[in-house]
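Here the structure is laid out as C-alpha coordinates; the discussion comes afterwards.
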Amino acid sequence: DAGVIQSPRHEVTEMGQEVTLRCKPISGHNSLFWYRQTMMRGLELLIYFNNNVPIDDSGMPEDRFSAKMPNASFSTLKIQPSEPRDSAVYFCASSLEFSGELFFGEGSRLTVL
Amino acid sequence: QKEVEQDPGPLSVPEGAIVSLNCTYSNSAFQYFMWYRQYSRKGPELLMYTYSSGNKEDGRFTAQVDKSSKYISLFIRDSQPSDSATYLCAMSASSNDYKLSFGAGTTVTVRA
(Lines give C-alpha, C1' and ligand atoms only; values in the text may rest on other atoms or scores of the structure.)
Protein backbone atom coordinates (compact mmCIF):
# COMPACT_ATOMS: atom_id res chain seq x y z
CA ASP A 1 0.00 0.00 0.00
CA ALA A 2 1.22 3.50 -0.79
CA GLY A 3 0.26 4.86 2.58
CA VAL A 4 -1.62 8.10 3.20
CA ILE A 5 -1.12 10.45 0.27
CA GLN A 6 -1.31 14.20 0.69
CA SER A 7 -1.09 17.01 -1.79
CA PRO A 8 0.33 19.50 -2.28
CA ARG A 9 3.52 18.88 -0.29
CA HIS A 10 4.27 22.58 -0.24
CA GLU A 11 2.02 25.56 -0.74
CA VAL A 12 2.98 29.22 -0.64
CA THR A 13 0.13 31.65 -0.96
CA GLU A 14 -0.78 35.19 -0.13
CA MET A 15 -3.07 36.29 2.64
CA GLY A 16 -6.69 36.18 1.62
CA GLN A 17 -6.31 33.39 -0.91
CA GLU A 18 -8.16 30.11 -0.71
CA VAL A 19 -6.10 27.02 0.13
CA THR A 20 -7.24 23.45 -0.48
CA LEU A 21 -5.31 20.51 0.93
CA ARG A 22 -6.06 16.99 -0.21
CA CYS A 23 -5.76 13.57 1.33
CA LYS A 24 -6.16 9.99 0.18
CA PRO A 25 -6.30 7.63 3.19
CA ILE A 26 -5.10 4.04 3.25
CA SER A 27 -7.61 1.77 1.57
CA GLY A 28 -9.80 0.04 4.12
CA HIS A 29 -9.22 2.56 6.89
CA ASN A 30 -12.48 4.07 8.08
CA SER A 31 -11.14 6.80 10.37
CA LEU A 32 -9.54 9.95 9.01
CA PHE A 33 -7.92 12.79 10.91
CA TRP A 34 -6.60 16.21 10.00
CA TYR A 35 -3.86 17.56 12.27
CA ARG A 36 -1.92 20.79 12.28
CA GLN A 37 1.66 20.95 13.56
CA THR A 38 3.48 24.12 14.62
CA MET A 39 6.52 24.73 16.79
CA MET A 40 4.45 26.67 19.28
CA ARG A 41 1.46 24.35 19.65
CA GLY A 42 2.74 20.96 18.51
CA LEU A 43 0.26 18.53 16.94
CA GLU A 44 -3.35 19.64 17.15
CA LEU A 45 -6.34 17.60 16.03
CA LEU A 46 -8.50 19.70 13.73
CA ILE A 47 -11.22 17.26 12.69
CA TYR A 48 -12.02 13.57 12.85
CA PHE A 49 -14.13 11.58 10.35
CA ASN A 50 -15.47 8.10 10.86
CA ASN A 51 -16.99 6.29 7.89
CA ASN A 52 -16.89 9.59 5.97
CA VAL A 53 -18.96 11.40 8.61
CA PRO A 54 -17.45 14.29 10.59
CA ILE A 55 -17.56 13.22 14.23
CA ASP A 56 -15.56 15.92 15.97
CA ASP A 57 -14.65 19.28 14.45
CA SER A 58 -14.06 21.05 17.74
CA GLY A 59 -10.42 21.60 16.83
CA MET A 60 -11.19 23.59 13.70
CA PRO A 61 -9.91 27.02 14.68
CA GLU A 62 -12.41 29.22 12.89
CA ASP A 63 -15.15 29.31 10.30
CA ARG A 64 -12.44 29.97 7.76
CA PHE A 65 -11.57 26.28 8.03
CA SER A 66 -13.75 23.58 6.53
CA ALA A 67 -13.24 19.89 5.77
CA LYS A 68 -15.09 17.37 3.67
CA MET A 69 -14.93 13.68 3.03
CA PRO A 70 -17.16 12.94 0.04
CA ASN A 71 -16.10 9.28 -0.11
CA ALA A 72 -13.90 6.75 1.66
CA SER A 73 -10.86 7.53 -0.45
CA PHE A 74 -10.71 11.32 -0.44
CA SER A 75 -10.81 14.24 1.94
CA THR A 76 -10.12 17.96 1.66
CA LEU A 77 -9.24 20.67 4.15
CA LYS A 78 -10.01 24.16 2.94
CA ILE A 79 -8.95 27.50 4.37
CA GLN A 80 -10.74 30.56 3.03
CA PRO A 81 -9.52 33.24 3.40
CA SER A 82 -6.04 32.23 4.51
CA GLU A 83 -4.04 34.26 7.04
CA PRO A 84 -0.32 34.27 7.94
CA ARG A 85 -1.08 32.58 11.28
CA ASP A 86 -2.37 29.56 9.34
CA SER A 87 1.20 28.80 8.29
CA ALA A 88 1.93 25.29 9.55
CA VAL A 89 2.34 21.70 8.45
CA TYR A 90 -1.01 20.02 7.96
CA PHE A 91 -1.11 16.25 8.35
CA CYS A 92 -3.76 13.82 7.30
CA ALA A 93 -3.82 10.49 9.13
CA SER A 94 -5.97 7.39 8.82
CA SER A 95 -6.60 4.33 10.94
CA LEU A 96 -8.85 1.33 11.43
CA GLU A 97 -11.62 2.43 13.78
CA PHE A 98 -10.39 4.10 16.94
CA SER A 99 -6.80 3.12 17.37
CA GLY A 100 -3.62 4.48 18.82
CA GLU A 101 -1.95 3.52 15.56
CA LEU A 102 -2.43 6.45 13.26
CA PHE A 103 -0.86 6.33 9.83
CA PHE A 104 0.24 9.82 8.86
CA GLY A 105 0.87 11.26 5.45
CA GLU A 106 4.00 13.27 4.75
CA GLY A 107 2.18 16.52 5.38
CA SER A 108 1.40 19.68 3.47
CA ARG A 109 3.63 22.58 4.43
CA LEU A 110 1.62 25.79 4.12
CA THR A 111 3.14 29.26 4.10
CA VAL A 112 0.80 32.22 3.99
CA LEU A 113 2.56 35.49 3.22
CA GLN B 1 -0.42 23.52 32.42
CA LYS B 2 -0.41 21.16 29.45
CA GLU B 3 -1.95 17.74 29.85
CA VAL B 4 1.23 16.11 28.54
CA GLU B 5 4.66 17.60 29.17
CA GLN B 6 7.71 16.64 27.14
CA ASP B 7 11.10 18.34 27.10
CA PRO B 8 11.69 19.47 23.52
CA GLY B 9 15.46 19.11 23.84
CA PRO B 10 17.33 19.07 21.59
CA LEU B 11 19.28 16.03 22.70
CA SER B 12 22.61 15.17 21.08
CA VAL B 13 24.37 11.90 21.84
CA PRO B 14 27.29 9.93 20.33
CA GLU B 15 26.59 6.79 18.36
CA GLY B 16 26.19 3.79 20.63
CA ALA B 17 24.90 5.77 23.61
CA ILE B 18 21.64 5.08 25.38
CA VAL B 19 18.98 7.68 24.65
CA SER B 20 16.48 8.35 27.41
CA LEU B 21 13.27 10.22 26.66
CA ASN B 22 10.35 10.90 28.94
CA CYS B 23 6.95 12.48 29.31
CA THR B 24 4.86 13.40 32.30
CA TYR B 25 1.10 13.75 32.30
CA SER B 26 -1.63 15.02 34.55
CA ASN B 27 -4.69 12.99 33.52
CA SER B 28 -4.84 9.87 35.69
CA ALA B 29 -7.38 8.34 33.28
CA PHE B 30 -4.71 7.75 30.64
CA GLN B 31 -4.08 4.04 30.16
CA TYR B 32 -2.75 3.74 26.62
CA PHE B 33 0.66 5.14 25.84
CA MET B 34 2.39 5.52 22.52
CA TRP B 35 5.68 6.76 21.14
CA TYR B 36 5.78 8.14 17.64
CA ARG B 37 8.95 8.85 15.68
CA GLN B 38 9.02 11.71 13.21
CA TYR B 39 11.86 12.15 10.76
CA SER B 40 12.53 15.60 9.36
CA ARG B 41 9.95 16.63 6.77
CA LYS B 42 7.95 13.43 7.31
CA GLY B 43 4.81 12.45 9.20
CA PRO B 44 4.96 10.72 12.59
CA GLU B 45 5.03 6.91 12.63
CA LEU B 46 4.09 4.68 15.52
CA LEU B 47 7.10 3.20 17.28
CA MET B 48 5.76 1.67 20.48
CA TYR B 49 2.29 1.08 21.96
CA THR B 50 1.81 0.08 25.59
CA TYR B 51 -1.08 -0.42 27.95
CA SER B 52 -1.09 0.51 31.62
CA SER B 53 2.07 0.21 33.71
CA GLY B 54 5.13 -1.87 32.99
CA ASN B 55 7.80 -2.33 30.37
CA LYS B 56 7.69 -3.28 26.73
CA GLU B 57 10.74 -4.10 24.67
CA ASP B 58 11.10 -4.15 20.89
CA GLY B 59 14.61 -4.62 19.63
CA ARG B 60 16.71 -1.67 20.77
CA PHE B 61 13.65 0.18 22.07
CA THR B 62 12.15 -0.11 25.55
CA ALA B 63 9.04 1.73 26.70
CA GLN B 64 8.29 2.10 30.39
CA VAL B 65 5.12 3.33 32.04
CA ASP B 66 4.83 4.33 35.69
CA LYS B 67 1.21 5.26 36.23
CA SER B 68 1.70 5.97 39.92
CA SER B 69 4.12 8.75 39.00
CA LYS B 70 2.32 9.68 35.76
CA TYR B 71 5.61 9.24 33.93
CA ILE B 72 6.53 7.37 30.77
CA SER B 73 9.92 6.74 29.23
CA LEU B 74 11.46 5.52 26.01
CA PHE B 75 14.97 4.13 25.95
CA ILE B 76 16.99 3.58 22.80
CA ARG B 77 19.98 1.27 23.25
CA ASP B 78 23.02 1.29 20.99
CA SER B 79 21.75 4.42 19.28
CA GLN B 80 22.46 4.86 15.58
CA PRO B 81 22.57 7.98 13.38
CA SER B 82 19.39 6.64 11.76
CA ASP B 83 17.65 7.15 15.13
CA SER B 84 18.03 10.92 14.69
CA ALA B 85 14.45 12.18 14.70
CA THR B 86 11.82 13.84 16.85
CA TYR B 87 10.10 11.50 19.29
CA LEU B 88 6.57 12.32 20.39
CA CYS B 89 4.73 10.66 23.22
CA ALA B 90 0.97 10.27 22.96
CA MET B 91 -1.65 8.89 25.27
CA SER B 92 -5.34 8.20 25.64
CA ALA B 93 -7.79 7.03 28.24
CA SER B 94 -9.25 4.14 26.28
CA SER B 95 -8.39 1.97 23.29
CA ASN B 96 -11.22 3.52 21.30
CA ASP B 97 -10.38 7.11 22.17
CA TYR B 98 -9.71 8.86 18.89
CA LYS B 99 -8.43 12.02 20.56
CA LEU B 100 -4.80 11.39 21.43
CA SER B 101 -2.96 13.80 23.69
CA PHE B 102 0.48 14.43 22.19
CA GLY B 103 3.61 15.73 23.82
CA ALA B 104 5.56 18.50 22.10
CA GLY B 105 8.25 16.07 20.91
CA THR B 106 11.95 15.72 21.75
CA THR B 107 14.45 16.18 18.93
CA VAL B 108 17.31 13.69 19.08
CA THR B 109 20.55 13.77 17.10
CA VAL B 110 22.87 10.77 17.19
CA ARG B 111 26.38 11.78 16.14
CA ALA B 112 28.43 9.30 14.11
Side-chain angles (χ1 to χ4, degrees), chain A residues 1-10 21 23-26 29-51 53-60 88-111, chain B residues 1-10 21 23-27 29-52 56 58 61 63 65 72 74 85-107:
Chain A
D1 200 315
V4 175
I5 299 172
Q6 291 187 244
S7 65
R9 290 295 313 279
H10 303 275
L21 308 178
C23 175
K24 176 178 167 55
I26 292 173
H29 284 186
N30 61 349
S31 292
L32 184 136
F33 307 78
W34 282 100
Y35 280 87
R36 178 171 67 178
Q37 187 175 43
T38 61
M39 289 292 291
M40 289 295 293
R41 301 173 69 93
L43 264 175
E44 301 174 278
L45 178 63
L46 300 178
I47 187 167
Y48 161 62
F49 291 88
N50 185 252
N51 293 321
V53 176
I55 303 299
D56 184 352
D57 66 355
S58 60
M60 297 286 261
V89 182
Y90 290 82
F91 287 103
C92 176
S94 70
S95 73
L96 284 169
E97 282 298 334
F98 314 115
S99 168
E101 184 160 20
L102 299 179
F103 293 82
F104 284 83
E106 295 200 328
S108 294
R109 184 174 296 272
L110 174 65
T111 302
Chain B
Q1 183 188 5
K2 292 182 181 178
E3 200 169 39
V4 179
E5 297 280 357
Q6 183 177 10
D7 187 338
L21 305 168
C23 291
T24 58
Y25 61 94
S26 57
N27 187 345
F30 287 148
Q31 293 194 81
Y32 294 83
F33 304 92
M34 292 135 268
W35 286 95
Y36 279 80
R37 177 176 61 195
Q38 184 176 17
Y39 290 117
S40 180
R41 306 279 175 162
K42 300 290 187 183
E45 57 179 342
L46 183 67
L47 192 60
M48 299 282 281
Y49 187 108
T50 55
Y51 168 70
S52 195
K56 182 175 182 179
D58 184 1
F61 299 89
V65 175
I72 69 170
L74 177 71
T86 296
Y87 292 81
L88 301 100
C89 62
M91 45 199 82
S92 66
S94 66
S95 61
N96 60 357
D97 190 349
Y98 62 85
K99 210 162 189 175
L100 300 182
S101 294
F102 280 91
T106 301
T107 299

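Protein chains get the first letters and strands the later ones, always in sequence-line order, with residue 1 at the start of each. Note that the structure is predicted; figures quoted are calculated from it, not measured.
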- Query: Is it the side chain or the backbone of A:Y35 that comes within 4.5 Å of chain B heavy atoms, both, or neither?
  - Reply: side chain
- Select one option (side chain, backbone, both, neither) describing which atoms of A:S58 are under 4.5 Å from chain B's heavy atoms. side chain
- Over all atoms of both residues, closest heavy-atom pair of A:F91 and B:G43: CE2-CA, 3.3 Å
- Message: Less than 4.5 Å to any heavy atom of chain B: does that hold for the side chain of A:R41, its backbone, both, or neither?
- Response: neither
- Task: Spell out, as yes or no, whether a donor-acceptor pair under 3.5 Å connects the side chain of B:Y98 to the backbone of A:N50.
- Result: no
- More than 12 heavy atoms of other groups within 6.0 Å of A:R9 CZ: yes
- Item | chain B contact via A:Q37 - side chain, backbone, both or neither, heavy atoms under 4.5 Å | side chain
- Item | Under 4.5 Å from any heavy atom of chain A - which part of B:F102 | side chain
- Task: Check step by step if side chain to side chain contact (heavy atoms under 4.5 Å, CB included) holds for B:Y36 and A:L43.
- Result: CA-CA 12 Å; B:Y36 279 80; A:L43 264 175; over 6 Å; no
- Taking all heavy atoms of A:E101 and all of B:Y49, pick out the closest pair and write down the distance. N-CE1, 4.4 Å
- Note on the structure: When rounded to the nearest 0.5 Å, the distance separating CG of B:L46 from OG of A:S95 is 11.0 Å
- Query: What are the two closest non-hydrogen atoms of A:E106 and B:K42, and how far apart are they?
  - Reply: OE2-NZ, 2.8 Å
